[in-house]
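A quick write-up on the structure given underneath.
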There are 2 protein chains.
Amino acid sequence: MSAVDKAFHGLRHMIATGRLGAGQRIPPEGELCEELGVSRGSLREAVRMLAALGVIEPRHGSGTYVSPLRPEDVIGSLSLTLELLPLTGLLEVYEIRRVLEAHVAAQAAARCTPEEVGTLFALIEAMEATDDPTKASELDHRFHSEIARIGGNPTLASLLSVFRARSRKYQVFTLPEGPELRRKSDEDHRVLATAIADHDPVAAAGAAQAHVAQTERWLRAFMPPVEEDSVEADSVREDGNAS
Amino acid sequence: MSAVDKAFHGLRHMIATGRLGAGQRIPPEGELCEELGVSRGSLREAVRMLAALGVIEPRHGSGTYVSPLRPEDVIGSLSLTLELLPLTGLLEVYEIRRVLEAHVAAQAAARCTPEEVGTLFALIEAMEATDDPTKASELDHRFHSEIARIGGNPTLASLLSVFRARSRKYQVFTLPEGPELRRKSDEDHRVLATAIADHDPVAAAGAAQAHVAQTERWLRAFMPPVEEDSVEADSVREDGNAS
DNA sequence: GGCCCGGAGTCATCTGATGACTTTTCTCTG
DNA sequence: CAGAGAAAAGTCATCAGATGACTCCGGGCC
């Protein structure tokens with residue numbers, strides 16, 4: 001077992017066994033190095049691994065703390081890498097979204113309060129009122145997140161949030177067909193929110209599934225290019241190396 | 001932005017834009033340090049982060065390679081941390097499992113071939129034939145993984161595999177009530193496999209959901225203690241502290 | 001009492017050196 | 001010429017030391 005692995009599993013074991021509890025500050029680097037028998041460099045690499053996985057959180061100048069270990073802390077680490085998956089993976093994610101969004105919609109229909117229904121319709125109206133595609137996409141995300149929250153399962157809500165973030169990279173609303181798509185999307189939202197307000201889980205599940213499926217079809221049809229940062233001209237194409 | 005963040009996002013950007021493709025070897029540490037403007041230590045921490053997330057894989061003496069970027073590569077990183085979640089998180093995971101297992105069962109019922117049905121029943125018979133709880137748990141995992149595979153969505157299959165691994169930590173079959181639970185579990189498996197063999201998605205979904213719900217009830221009822229010392233490489237034998 | 005400042009504690013980063021492992025290349029032998 | 005073995009190059013793994021940056025707290029000053 002390598003030194004970094006030793007430090008990684010040692011730290012993970014301390015957390016799993018409760019010796020280091022959620023939110024607690026872990027011992028300083030020096031002490032951990034001595035206890036785990038590795039150098040500071042190796043320990044720091046292990047700490048970075050756990051930080052990337054959302055388990056611990058170093059704070060410059062203060063110390064390193066165990067995360068609250070809530071589901072979103074751990075699942076959120078997926079958002080950094082999910083968008084690296086190829087396109088076939090994205091379509092598979094949509095199938096999962098269909099199923100889970102339908103489930104949370106049904107749960108929300110069974111559990112929602114009048115205040116929560118009001119929030120949903122307020123988001124819909126804000127969505128219909130804006131012309132900014134970016135803002136509309138943001139509100140769309142909040143609308144679905146609110147439904148997931150009402151569903152009552154934070155783990156599921158954070159998982160869906162990650163999946164939606166991956167989909168949002170492709171901004172269908174900025175296409176020439178965007179306004180038309182948005183109008184249909186708004187209709188879907190009203191159908192979904194109405195079903196939830198009526199406490200009709202079956203209708204809500206159906207509406208949610210249809211909505212996701214519609215988005216997926218649009219994506220398949222148009223497949224806009226994704227641009228995530230500055231567009232660097234591929235001047236560096238050193239494909240002809242010595243191999 | 002810190003040096004490690006600079007290296008992390010720089011590497012991630014190279015992969016996202018395709019400059020570093022799946023399976024490809026990335027430049028050696030020295031070159032990347034110069035290009036990204038960070039020291040070797042910082043670069044190595046960034047590499048470790050991406051490795052923890054399943055995106056790249058360093059090979060001692062050979063180089064560092066981009067992973068195949070298959071869904072299981074990225075989702076598998078969750079398995080290292082999901083078991084750190086508190087118990088409430090586990091129960092939420094069970095709700096997700098209920099929904100997704102039902103879905104893959106329905107998909108499998110719609111898509112399965114006679115050969116795949118044969119595999120399922122062979123696994124059931126092997127499960128019923130063994131007395132070893134550990135082996136039974138292993139076969140149970142393979143049975144459900146096979147159904148998920150037949151379902152046709154590798155991303156979903158790997159996600160469910162991670163969720164099941166979390167549940168398997170609690171070995172209900174080793175309890176005093178284990179044999180009784182196993183008998184009922186075997187019945188569930190036969191019902192599920194029969195529904196799949198009959199190409200009856202509705203029955204398959206219902207059977208899968210009921211099976212997961214049953215397991216969840218057992219876990220709530222007995223809640224056996226978790227023992228996680230699966231790694232026997234006790235190179236650190238100085239753990240005999242005051243804990 | 002409130003504000004400013006300095007010191008202790010901690011993480012962040014860099015540099016240099018050495019060891020371990022893999023892959024390639026070359027030489028020697030048959 | 002072919003093959004096996006050794007040598008060499010390339011790369012990651014690990015350690016040690018030093019310095020900088022940041023946070024937090026407490027004491028001194030107004």
Side-chain angles (χ1 to χ4, degrees), chain A residues 1-12 14-15 19-21 23-68 73 80 238 240-243, chain B residues 1-12 14-15 19-68 73 231 233 235-236 238:
Chain A
M1 178 182 291
S2 71
V4 175
D5 280 355
K6 201 180 356 175
F8 178 81
H9 286 109
L11 278 173
R12 182 166 151 277
M14 288 183 197
I15 298 171
R19 184 172 151 196
L20 296 179
Q24 186 177 342
R25 193 175 89 168
I26 74 177
E29 291 178 344
E31 291 182 23
L32 284 176
C33 289
E34 187 177 0
E35 176 172 349
L36 296 169
V38 300
S39 72
R40 280 207 300 283
S42 301
L43 176 75
R44 283 183 57 80
E45 290 182 26
V47 166
R48 286 288 187 183
M49 291 172 70
L50 285 166
L53 294 169
V55 175
I56 62 181
E57 176 193 355
R59 298 180 200 168
H60 191 174
S62 172
T64 302
Y65 299 76
V66 180
S67 88
D73 298 322
L80 287 171
E238 48 186 357
N241 55 10
S243 61
Chain B
M1 177 180 290
S2 69
V4 175
D5 280 355
K6 196 174 12 170
F8 178 81
H9 286 108
L11 277 172
R12 182 165 150 277
M14 289 184 196
I15 298 171
R19 184 173 152 197
L20 296 177
Q24 187 178 342
R25 194 176 87 170
I26 73 176
E29 290 178 346
E31 290 182 25
L32 284 177
C33 289
E34 187 176 0
E35 176 172 349
L36 296 169
V38 299
S39 71
R40 284 201 301 284
S42 301
L43 175 74
R44 284 183 57 79
E45 290 181 26
V47 166
R48 287 288 187 182
M49 291 171 72
L50 286 167
L53 294 170
V55 175
I56 63 181
E57 175 194 356
R59 299 179 198 166
H60 191 175
S62 172
T64 302
Y65 299 76
V66 180
S67 87
D73 298 321
V231 180
S235 54
V236 188
E238 54 182 353

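Values in this document were obtained by computation on a predicted structure and should not be read as measured data. A, B, ... follow the sequence lines: proteins, then strands. Residue 1 opens every chain.
- Atom CD1 of A:Ile26 and atom P of C:dG9 are 18 Å apart (whole Å).
- In this structure, the CD atom of A:Glu45 is 16 Å from the P atom of C:dC11, given to the nearest Å.
- Within 6.0 Å of atom CD in B:Glu34, 12 or fewer heavy atoms from other residues, nucleotides or ligands are found, so the atom counts as exposed in its surroundings.
- Side chains of B:Val66 and B:Ile26 form a contact here, defined as non-hydrogen atoms less than 4.5 Å apart.
- Taking for each of A:Ser42 and A:Ser62 the nucleotide of DNA chain D with the nearest heavy atom, the 5'-most of the two is the partner of A:Ser42.
- Look at NZ on B:Lys6: it is 9 Å from P on C:dT13, rounded to the nearest Å.
- Backbone-only contact: A:Arg59 has heavy atoms under 4.0 Å from sugar-phosphate atoms and none from a base.
- Taking each heavy atom of A:Gly23 and A:Tyr65 in turn, the nearest pair found is O-CD2, 3.9 Å.
- With a 4.5 Å cut-off on side-chain heavy atoms, A:Leu50 and A:Ser67 do not count as touching.
- The phosphate of D:dT11 has OP1 or OP2 within less than 4.0 Å of a side-chain N or O from B:Arg25.
- Using a 4.0 Å heavy-atom cutoff across all strands shown, A:Gly41 reaches no nucleic acid atom at all.
- Along DNA chain D, the nucleotide closest to A:Arg40 and the one closest to B:Gly30 are compared, and the more 5′ of them pairs with B:Gly30.
- For the pair A:Phe8 CZ and D:dA13 P, the computed distance is 15 Å after rounding to whole Å.
- Atom CD of A:Glu57 is separated from atom C1' of C:dA12 by 16 Å (rounded to the nearest Å).
- Of the candidate nucleotides C:dA12, D:dC12, D:dC15, D:dC12 has the atom nearest to the side chain of B:Thr64.
- A:Glu31 has its CD atom 7 Å from the P atom of C:dT10, to the nearest Å.
- Between A:Arg44 and D:dT14 there is no side-chain polar atom (N or O) within less than 4.0 angstrom of OP1 or OP2.
- Taking only distance into account, the side chain of A:His60 meets the base of D:dA21 through a donor-acceptor pair shorter than 3.5 Å.
- Of the candidate nucleotides C:dG16, C:dC11, C:dT13, C:dC11 has the atom lying nearest to any side-chain atom of A:Pro28.
- Listed candidates were C:dT15, C:dG19, D:dG17. Nearest to the side chain of B:Ser39 is C:dT15.
- In this structure, B:Glu29 atom CD and C:dG19 atom P are separated by 18 Å, rounded to whole Å.
- Nearest heavy-atom pair across B:Arg48 and A:Met49 is O-CG, 3.5 Å.
- Per the geometry, CD belonging to A:Glu34 stands 12 Å off P belonging to D:dA16, to the nearest Å.
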